[in-house]
Amino acid sequence: MRLPKKAAKVKNKAPAQLQITAEQLLREAKERELEIAPPPPKQKITDPEELAEYQRKRRKEFEDNIRKNRSQIANWVKYAKWEESVSEMQRARSVFERALDVDHRSITLWLQYAEMEMRNRQVNHARNVWDRAVTILPRATQFWLKYSYMEEMIENVPGARQVFERWMEWEPPEQAWQTYINFEVRYKEIDRARNVWQRFLHVHGHDPKNWLRYARFEERNGAPSNARAVYERGLDYFGEENMDERLLIAFAQFEERQKEHERARVVYRYALDNLPKERTVDVFKFYTIHEKKYGERAGIETVIVSKRRHQYEQQIAENSYNYDAWFDYLRLLQNESQERDEIEDCFERAIAN
Amino acid sequence: MSEAASSSSVSDAAKRLEEQKARLRSLHTRRNESRKQNHQEVVEEDRRDKLPKNYEAKRQRQEWELEELEKRKEAEEKGEDYDRLKNMQTQADIAEKIDGSKRRKKNPDTGFADYEAMTMRQYQRLTTSLKPDMRNYSEMRQVMGDEQFYPSSNTLIQGNHYPTESSIDRLVGDIEKQATKRDQYHRRRMFDPEANIDYINERNRKFNQKLDRFYNQYTEDVKQDLERGTAV
């Protein structure tokens, strides 16, 4: 409908005397409360027919909501929770099953379903639900954790163990293995924990931190020989090319704790010989600390000298015209009264540049 | 003679009267004094009772902290390392204990990362407070035999375990405890009657809150300018 032509011609284009602000408009709109319906009258339910009527009404509302929006999990969950609250377990189960038909990958659905069974003391139903959840979504750690926790609470420790075994077949991340190990330790099964550690290292042995953790575990559980074996196996595993300084430093510190200072020295020297220059900083630090604590003067001096030599070699390698470095190096060698041949070699090299 | 005697007896009497009066007065003053002192004591005791229970401890701690601050300032002025000084003065075993207690994990809540991490954190909290029943455990081991007690993933143990009523009770109690703890994580905000009304509807209000949550950090300045009416 088009407005009559007269309305289109605005005579006075000045702003009106009384302006209205946006805030005022919003406030008035809100205060009108157009969409707030008055609550329905409160009814007391007096006999089973009225109860059935009330439940039918509620069910109809829930089903309507589901029909409006099938994929919104909250609708399903609220429906099932209401059925649970009126103690209609079979109906609640059927609601959950219908919801799982809609979306079987929803973690909340599975969790709510299992929790409902557990809350109502239906242990075998809960076990079924957890089994299905764990089969359909094996990478969801929540399911495994809560399943094993349920079995533990029921005092079904072999069941919990089997859940963990099934989980470990999927080779989950480190933290999952750690929960299994802690579980075994909780029941004081140190041998089984050891087995689990070894399987863990089969899967996650590429990270030296895991070797360190295992060795720590052995040490703490009173088997230092095992811990030594672990360190050595770790060194074998990584081999010459991939040597990792953290492993070596930890090994040396372990020997220190076991009061085997010669072995510690051997390890440090091996580290210094075999590691590339960039990674030896920490090794030097710990080696000097070790020597200061347990070594004699000669030992300390050799360490410090070799450290300085490394530093100078590095500086010279970067820039062979770094005269200061050359002079410092030569002076160091002379001060420590190293072999004459070495000093001469050094001079030769300096001149050759 | 008798007059003198009588006059002296009168003056004696008068003197005695005076003495008695003086004694009475001194007694009165002593009584008043004691009353005053008693009252002061009562007031003092009342005040002491009303103090908070840890007043002493708190005050001592505050004094100690003040001393620490002053010593720290002095050490800094002199150019020394206060921590080092302190370490040199503590006993070795006490120092070790303090170190150990620091190394023990504190585990503060770092806010929401993702649901898996949240579940893992809850699991760790629940299992560290779990106390396993070792007697039942070893009994079960005797009964079941090692084959079934240490299953691999293929051994058939489904349906072998019938949980006792008490353990199911324990499970249900635990589930309910988890639910109550979950409720603690979301608190109800108080209604603010002075807040700006920028909505026409409850649904609109929630949506505006959502928008604020996401965009407020970027639109602070613009909003303030609009509120003021002019740009800065």
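Chain A is the first sequence line, chain B the second, and so forth, proteins listed ahead of strands; every chain is numbered from 1. Owing to the predicted nature of the structure, the values given are computational and were not obtained by experimental measurement.
- With sequence neighbours excluded, the residues satisfying side chain to side chain donor-acceptor pair (under 3.5 Å) with B:E165 are A:R121.
- Using a 4.5 Å cut-off between heavy atoms, B:D169 contacts chain A through both its backbone and its side chain.
- In this structure, the portion of B:D174 lying under 4.5 Å from any heavy atom of chain A is its side chain and not its backbone.
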What donor-acceptor contacts under 3.5 angstrom involve side-chain atoms of residues 225-232 of chain B, with partners at least two apart or in another chain?
from   : atom 1 : to     : atom 2 : distance (Å)
B:D225 : OD1    : B:R228 : NH1    : 3.3
B:R228 : NH1    : B:T230 : O      : 3.2

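- The local environment of CZ in B:F112 is crowded, with over 12 non-hydrogen atoms from other residues, nucleotides or ligands closer than 6.0 Å.
- Taking B:D133, B:V172, B:I168 one by one and counting their heavy-atom pairs under 4.5 Å with chain A, the maximum is reached by B:I168.
- For the ring pair (Phe, Tyr, Trp, His ring centres under 6.0 Å) with A:Y180, the qualifying choice from A:W197, A:F200, A:W144, A:F164 is A:F164, the only one to do so.
- Proximity to chain A is limited to the side chain of B:Y123, based on heavy atoms less than 4.5 angstrom apart.
- In terms of non-hydrogen atom pairs under 4.5 Å with chain A, the most contact-rich of B:T128, B:N196, B:L130 is B:L130.
- Enclosure of atom CD in A:Q175 is not indicated, since only 12 or fewer non-hydrogen atoms of other residues, nucleotides or ligands lie within 6.0 angstrom.
- Sorted by first and then second residue, the pairs that involve residues 139-189 of chain B and meet ring-ring contact (aromatic ring centres under 6.0 Å, His included), not counting sequence neighbours, are B:Y137-B:F149.
- Heavy atoms closer than 4.5 Å to chain A are found in both the backbone and the side chain of B:T155.
- Around CZ of A:R216, the count of heavy atoms belonging to other residues, nucleotides or ligands within 6.0 Å does not exceed 12.
- At a 4.5 Å heavy-atom cutoff, the contact between A:E189 and chain B is made by side-chain atoms alone.
- In plain terms, the two heavy atoms of A:N75 and A:N69 that are nearest each other are ND2-O, 3.3 Å.
- Interface remark: B:M120 contributes backbone and side-chain atoms alike to the contact with chain A (heavy atom separation under 4.5 Å).
- With a 4.5 Å cut-off on non-hydrogen atoms, A:E155 touches chain B through its backbone and its side chain both.
- Neither the backbone nor the side chain of A:E33 has a heavy atom closer than 4.5 Å to any heavy atom of chain B.
- By the 6.0 Å contact criterion, CZ on B:R61 is open, its count of non-hydrogen atoms from other residues, nucleotides or ligands being 12 or less.
- Using non-hydrogen atoms only and a strict 4.5 Å limit, no part of residues 79-90 of chain A faces chain B.
- More than 12 heavy atoms of other shown residues, nucleotides or ligands fall within 6.0 angstrom of atom CD in B:E44.
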